[in-house]
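To keep things clear, I will list the structure first and then write my remarks on it.
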Amino acid sequence: MEIIKYSDADDKVGRIINRGRYVDKKIVSTVNRIIACVRKHGDRAVAKYTKKLDHITLDKTNRVIGNDYLSACRDKIDGEIIEILSAARDNITAYHNHQRQESWISEFADNVRLGQVIRPLDRVGVYVPGGRAFYPSTVLMNIIPARIAGVSDIVVATPPAAFLETPLIGATLDLLGVAKVYMAGGAQAIAAMAYGTETIPKVDKIVGPGNIYVATAKQQVFGQVDIDMTAGPSEVVVLAQKGANPEWVALDLLSQAEHRTGYESAVLVTDSFDFAEKVKSAVFSYLAGTEHEKLIKRILSTYGAIIVVKDMAEGARVVNKIAPEHLEIIVENENEIIPLIRHAGAIFVGEYSSEPVGDYWAGPNHVLPTGGTARFFSPLGVYDFFKRSSLIYYSKEALLKHAAKINEFAGREDLMFHGKAVMKRLEDISEKKGG
């Protein structure tokens, strides 16, 4: 994890931003083959790939797991973690309740009324990964906003092997009131939710993390359905001055690298070489002798950095260039720095706002844009489960006043019947007046 001046950091910053963007054509080809097979053969294709990849045979008796099983899973879990999950659920719900949207209509000139109708999506698919990638916190973050938005049907799909071995998955879903779970994982689950099978209903939007095959499948079905975003490996930037606690900062950097996909990024931006050295020393001190020391060192060497800037204004420019998923700000004049930040998924302010507080507990969503996409994507929220329709009540007075202009506009675009549709009304109104 090298310490570099900002003036020398272009190559490192570019590598960080572009990491994980390589598209493996073999993976795309495999995913497209799976999607085509599921579209054509439905449940049979899902069962085929489940047998091949999960080594589990699916039939009519075990394709869908009902709420009795989910409730039994909850009974197997220690009561303390259920209480913790419940409290986290309540915090996430309280925050996301503020994101509710309402339809509106307003009066304009000439008795025209214009507005917007807000409606929840009918059906949303939530993919819950299995194995090491299963995080109950992410299940909460995906399902709760959809519930608040009013989505009436939430379809959950998860790899059967991990689900049957890990009662915490079922317990978390039961805590959220999920009634049934579809046994399907990987690209075949995404295809099934996008196109529908005999058992798995077609959805309008798919959310939830997964491996490269799941992420690629989501990209491939986008347009057939909506998706949350194309999520990449996790990342954090800490913008800190020398007054910060170097050990706390070091642990926050390590908390991102320990996801261990090999592409995580952890960056400190500071205006002090002395502080930079202290943080670097603390990072490797905490890492020494740990189980995944070798892998995390490689991650930090490749996609980690400590960038020294002349002042915090320049530090904010570094942040905006990286557009990180997570940004921690630990500075003396935070109210002056925050307005300078244009691009970040989630902003954690102050030394007690460690990024894991947001992952699990505070309430804001931790499904965030990665890989520089915070320049144009936002965190997942209730608003992602709504669709909007414009509402137009145009009056006779307004049509009489503006019909000729509309007709002229249509003519300039060579759309004759657009203009005629308006002008015919004008003619009929005039004839009726004359009569």
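A salt bridge is defined here as a Lys NZ or Arg NE, NH1 or NH2 lying under 4.0 Å from an Asp or Glu carboxylate O, and R74 with D174 meets this definition.
Atom CG of residue L415 and atom CZ of residue F409 lie 10.5 Å apart, to the nearest 0.5 angstrom. How far CD1 of I16 is from CZ of R19: 7.5 Å, rounded to the nearest 0.5 Å. The CE atom of M312 sits 11.0 Å away from atom CZ of R317, with the distance rounded to the nearest 0.5 Å. Annotation: the span from M183 atom CE to I65 atom CD1 amounts to 5.0 Å, rounded to 0.5 Å. The line from CG of D90 to CG of L85 is 11.0 Å long, rounded to the nearest 0.5 Å. With values rounded to the nearest 0.5 angstrom, Y213 atom OH is found 5.5 Å from T30 atom OG1.
Residue K48 qualifies as open at atom NZ: its count of foreign heavy atoms under 6.0 Å is 12 or below.
Aromatic pair Y69/F163: centroids less than 6.0 angstrom apart.
Put simply, the residue from L173, L168, I81 that forms a side-chain contact (heavy atoms from CB on, under 4.5 Å) with P136 is L168. Partner of N142 under the side-chain contact (heavy atoms from CB on, under 4.5 Å) criterion, out of D384, V207, V156: V207 alone.
Listed here is the closest heavy atom pair of F386 and Q99: CE1-O, 4.4 Å. Residues I144 and L176 share a closest heavy-atom pair of CG1-CD2, 3.8 Å.
No cation-pi contact links K297 to F284, judged by a cut-off of 6.0 Å to the six-membered ring centre and 45° from its axis.
Qualifying ring pair (Phe, Tyr, Trp, His ring centres under 6.0 Å) partners for F377, counting only residues two or more places apart in sequence or in other chains: none.
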